[in-house]
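In what follows, a single structure is set out as structure tokens and then discussed.
Treat the numbers as computed from the prediction; the structure is a model and nothing was measured. Letters A, B, ... are given to chains in the order of the sequence lines, protein chains preceding strands, and every chain is numbered from 1.
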Amino acid sequence: MNTNTLKLIKYQLRDVMRSRWVIFYLLFFVLVTDALFRFGGTGDRVLLSLMNIVLLVIPLVSIMLGTMYLYNSREYTELMLCQPVKRQQMFTALFSGLVLPLSATVAAGISLPFIWNGVFISHFSALVYLLATAVGLTIIFSALAFAIALLTEDKIKGLGLAIVLWLFFAVIYDGLILLVIYMFSHYPLQQPVLVISMLNPLDLARIALLIQFEASTLMGFTGAVFQRFFGSGTGQLTILLVMLTWIGIPLGWAARRFVQKDF
Amino acid sequence: MISITKLEKKFGRLNVLRGIDLDIHPNEVTAVLGPNGAGKTTFIKSLLGLVKPDSGSISIRGKAINGDAEYRSRIGYMPQSARYPDNLSVHEILEMVKDIRGATDDTDEELFHAFNLKTELPKKFKTLSGGNRQKVSAVLAFLFKPDILFLDEPSAGLDPVSSSCLKDKIAREKEAGKTIILTSHIMSEIQELADKVVYILDGVIHFETTVGSLLESTGEPTLERAIARKMKGAA
């Protein structure tokens, strides 16, 4: 990364860190996590509840904010590209300016209540796993957001597309899996379901967390199959690879488009 | 000198630029005019590298521009309406651009003082009035003493005092040997500032002439009338 990119990132961060949504996002996670502790949760139960919130909220916020962010930065992007700035540098700066604050906010917002409730050290590894997944989802859905915003110039269309994509991954996809399971209920489906689930980054994140929190028994026989595969070293590596692919493809496409497009 | 040869650009099926040949000389103010949608913006954006032409070439002082960002360090650009990050102060915006340009101390802060922008320095960009935004963007265009200046509707939204400050500055920079390209809808402004007029119509240069000879050949007193007459004659 060269110095121009770092300079751009510096100012981008300064701008974004002062914007209201970062503060709201931080407060949201602090309040929710602390509330879960107050309603009598122990560290383990709080983590499990947080998992569901992370899986629901982070993709939604990342994809919606990300799409809007890129549309709103358009004029500024144009101005910077009239300076001696390369397009790749600007792209990196814009993406970092979104992903770094979002990730830092989630990490801080969840960690702080763990610290002041005194269970930060005792639940450290599970917490880190949750935060890593949260950051992974943030990057994936921000990359998708950038791809959407670069696909169409029309802001309304872009935001619509972002919601539809989120709905697809969060709701529709699982519905389709259930439909498949129902239709082929006479067949042994553990392995196909495993493969299908892996293709959805949200499902993958959910499985990874459930297994980490040893809650896979909730999933019955399928859970056992999942536990055997994803609990293994190969399984963990597969999760990582699929996640990286989910970052690489949309982000690579968006970057290429950004470099080639007309402003 | 900027020379442009056979510049073409299509957006989908729309032929925006259909072969533009033009030499832009230093020591002159060249005004790019034309009706809305004629391709003026696309033309200027191609010179800035924001739009990538389909064919043709643009070279600045004999050096072709292609994908390289460095040549833009010699260009100052004042857009029609500038929007910098909302939460940065004017001071930070100036610092940022200096930083990215590899700030030399040798900057031209004449306009900054002429516009009295000192009181605006701590204000966040989003709280600035339209006129003050325009002033910041004018200061930035001239700050690094660029050889080439692109000014897109420079006096739009400026009060008369600031506007005449800016016009004086443009005239002085021209005398200093800069290459200046200007667009505006205010014909009196063009008449006052420009030496040359390039009229773009349907993606080609319809005519290219000096302001003096345009007035003379049409016998009209103002540039606005002269262009209207010329276009009527053509139609």
Side-chain angles (χ1 to χ4, degrees), chain A residues 1-24 65 68-94 96-98 101 150 152-155 255-263, chain B residues 9-12 16-17 41-42 44-54 67-89 91-103 124-126 133 136-137 140-141 143-144 146 148-150 152:
Chain A
M1 215 181 274
N2 75 13
T3 50
N4 243 354
T5 315
L6 290 178
K7 285 177 197 166
L8 286 167
I9 293 176
K10 183 175 92 185
Y11 290 99
Q12 194 69 23
L13 287 181
R14 239 191 245 182
D15 177 46
V16 172
M17 292 307 272
R18 287 179 201 161
S19 60
R20 232 167 268 147
W21 57 262
V22 170
I23 299 161
F24 280 138
L65 261 182
M68 208 131 79
Y69 163 88
L70 200 60
Y71 282 126
N72 288 343
S73 308
R74 195 193 149 108
E75 279 176 302
Y76 163 64
T77 306
E78 265 182 41
L79 285 175
M80 280 330 226
L81 291 178
C82 295
Q83 304 292 341
V85 166
K86 288 202 177 73
R87 292 202 178 182
Q88 292 93 325
Q89 297 172 341
M90 191 62 201
F91 184 82
T92 313
L94 284 169
S96 314
L98 175 69
L150 285 163
T152 167
E153 302 267 299
D154 185 346
K155 199 168 171 176
R256 248 205 25 219
R257 176 103 178 164
F258 188 85
V259 169
Q260 288 169 351
K261 89 181 223 122
D262 296 313
F263 281 91
Chain B
K9 178 70 193 176
K10 272 185 199 166
F11 287 120
V16 183
L17 300 179
T41 309
T42 308
I44 289 188
K45 283 185 169 180
S46 321
L47 298 183
L48 285 164
L50 287 175
V51 165
K52 308 211 158 169
D54 297 330
D68 163 44
E70 222 13 72
Y71 81 95
R72 287 196 288 266
S73 59
R74 300 230 310 273
I75 297 180
Y77 172 52
M78 180 178 172
Q80 210 173 106
S81 67
R83 221 185 118 195
Y84 286 98
D86 277 345
N87 298 307
L88 294 186
S89 67
H91 179 72
E92 284 171 316
I93 290 167
L94 294 174
E95 284 305 304
M96 170 173 77
V97 182
K98 278 185 191 170
D99 211 0
I100 281 158
R101 289 253 186 176
K124 281 186 179 177
F125 188 75
K126 67 177 165 196
R133 289 180 183 198
V136 171
S137 117
L140 281 171
L143 196 61
F144 305 96
I148 301 163
L149 283 155
F150 290 101
D152 198 354

Looking only at B:K9, B:R74, B:K45, the option with the highest number of non-hydrogen pairs under 4.5 Å against chain A is B:K45

Turns out that what part of A:M80 lies under 4.5 Å from chain B's heavy atoms comes down to side chain

Scored by heavy-atom pairs under 4.5 Å with chain B, the best of A:E78, A:E75, A:K261, A:Q83 is A:Q83

Whatever's closer than 4.5 Å to a heavy atom in chain B on A:Q12 counts as neither

Note to self: With heavy-atom distances below 4.5 Å as the criterion, would you say the side chains of B:L140 and B:I93 are in contact?
What the structure shows: yes

Between A:R87 and B:L50, is there a donor-acceptor pair closer than 3.5 Å when you use the side chain of the first and the backbone of the second? yes

Turns out that what part of A:L79 lies under 4.5 Å from chain B's heavy atoms comes down to side chain

Donor-acceptor contact present, side-chain A:K86 to main-chain A:T5, <3.5 Å: no

If one checks every heavy atom of B:F150 against chain A at 4.5 Å, the contacting part turns out to be neither

Honestly, the part of A:K10 sitting under 4.5 Å from a heavy atom of chain B is side chain

Turns out that what part of B:S81 lies under 4.5 Å from chain A's heavy atoms comes down to both

Think A:R74 forms a cation-pi with A:F263, using NZ or CZ under 6.0 Å from the six-ring centre and within 45 degrees of its axis?
no

Separation between OH (B:Y77) and CG (B:L47), nearest 0.5 Å, reads 10.5 Å

**Study point:** Donor-acceptor pair between A:D15 and A:Y76 side chains, under 3.5 angstrom
**Key:** no

